[in-house]
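Quantities reported herein were computed from a predicted structural model and do not represent experimental measurements. Numbering of ligands and ligand atoms starts at 1, following listing order.
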Amino acid sequence: MFATNAPTQPISPDKIRSSIQALQSDLVALRRQIHQQPELGFKEQITATRIASKLTEWGIAHQTGIAETGVVAVIQGRKTSPKLRTLAIRADMDALPIQEANDVPYKSQHQGVMHACGHDGHTSIALMTAYYLSQHRDDFAGTVKIIFQPAEEGPGGAKPMIEAGVLKNPDVDAIIGLHLWNNLPLGTIGVRSGALMAAVERFSLTIQGKGGHGAMPHQTVDSIVLASQIVTALQTIVSRNVNPIDSAVVTVGQFNAGTAKNVIADTASLAGTVRYFNPNLADFFHHRIESIVAGICAAYGATYKLDYIKFYPPVINDEKITELVRSVAVDLVETPLGIVPECQTMGGEDMSFFLQEVPGCYFFVGSANPDRSLAYPHHHPRFDFDETALATGVEMFVRCVEKYCN
Ligand code: NI
């Protein structure tokens with residue numbers, strides 16, 4: 001079925017495309033199986049077992065149980081010289097705590113858990129890329145490592161996988177990854193050098209005032225009034241402290257206080273999220289939030305407890321690898337209009353940890369098709385994508401491998 005002779009010239013893109021198109025029904029079947037059995041972060045046992053059994057069936061070397069449920073496959077291409085490159089491909093495997101509202105034959109069978117972000121698609125794309133490459137080992141030189149990562153939606157599987165050594169032995173020279181993206185229409189690819197996705201930080205704040213009678217505020221320290229001033233003051237971080245050239249968000253998403261109409265609340269709690277692109281702001285928001293909170297609490301005689309978590313750093317794409325991905329994408333979508341450079345999002349991704357270690361590129365594959373009602377946003381109970389995008393994902397990966405490794 002497949003050519004195995006070492007190529008004397010580059011493989012024709014048409015040949016690659018038709019071989020991948022022939023895998024489309026397998027891709028869809030695989031994606032639907034994974035979709036029906038979604039699992040939350042670090043619990044991807046069924047998914048990991050499915051991946052491992054396919055890799056075994058196809059004779060692909062792999063390791064399981066990395067950072068709990070992670071799987072890494074290694075595909076050796078031609079050995080033409082002792083100094084060959086290793087390219088890693090990363091896919092996330094986890095689902096979300098959402099009850100699926102789609103009425104489709106492949107609907108989630110796990111109560112309250114759903115692949116509402118497309119990671120079922122990412123896993124299928126990476127797995128079929130492994131299959132394709134294993135059948136075409138003579139078409140590329142060097143090594144491809146495919147990283148199936150748990151817990152992207154949280155608490156984060158990329159960092160523990162790196163700590164477990166997935167970028168070593170053989171040492172990874174560059175990494176690529178993709179997200180099926182319903183913010184872009186089918187047939188487009190979002191590629192951008194530099195910051196693609198934002199850093200994600202989270203905070204929880206408890207203010208301890210002094211409760212009392214609603215008619216006698218002079219005997220109290222009103223935690224609601226105080227917390228309200230903090231909410232307002234936090235809005236000045238982006239508007240007055242961050243350089244307007246930089247994009248950033250400070251959102252207070254939770255405000256809880258009080259038990260009765262005529263009681264001044266003893267405590268108030270706030271929680272929120274911070275997003276930014278510029279890595280130089282890595283320590284800025286935590287310090288600024290803390291000083292605003294400390295100042296306002298001191299002024300009113302309250303105390304506070306602030307928990308601040310730096311969840312994921314920003315996703316920063318390497319210029320050279322992005323250029324390679326862009327050149328493949330331009331060829332693949334066959335029209336410059338299909339490449340979308342304005343694809344930045346304040347959403348976050350722990351692909352960023354891999355990109356901090358090795359140069360790479362994370363890109364978006366447009367997967368929305370409103371004509372088929374496949375355009376709900378990510379993390380929505382009716383999220384679904386156009387499965388035609390699966391083959392595009394495989395083609396992008398395969399052609400990036402052949403370009404990078406030859
Ligand atoms: Ni996602």
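- At a cut-off of 2.8 Å, His122 is not counted among the residues with an N, O or S atom near the Ni ion (ligand 1).
- A cation-pi arrangement, defined by a distance under 6.0 Å to the six-membered ring centre and an angle within 45 degrees of its axis, is present between Arg202 and Phe311.
- Among the heteroatoms counted here (N, O or S) of His119, NE2 is the one nearest to the Ni ion (ligand 1).
- Arg31 forms a cation-pi arrangement with Phe385, by the criterion of a distance under 6.0 Å to the ring centre and an angle within 45° of the ring axis.
- For the pair Lys159 and Asp350, the salt-bridge criterion is not met [side-chain N within less than 4.0 Å of a carboxylate O].
- In summary, an N, O or S atom of His179 is located under 2.8 Å from the Ni ion (ligand 1).
- Atom-to-atom distance recorded for Arg326:CZ and Asn317:CG is 9.5 Å, nearest 0.5 angstrom.
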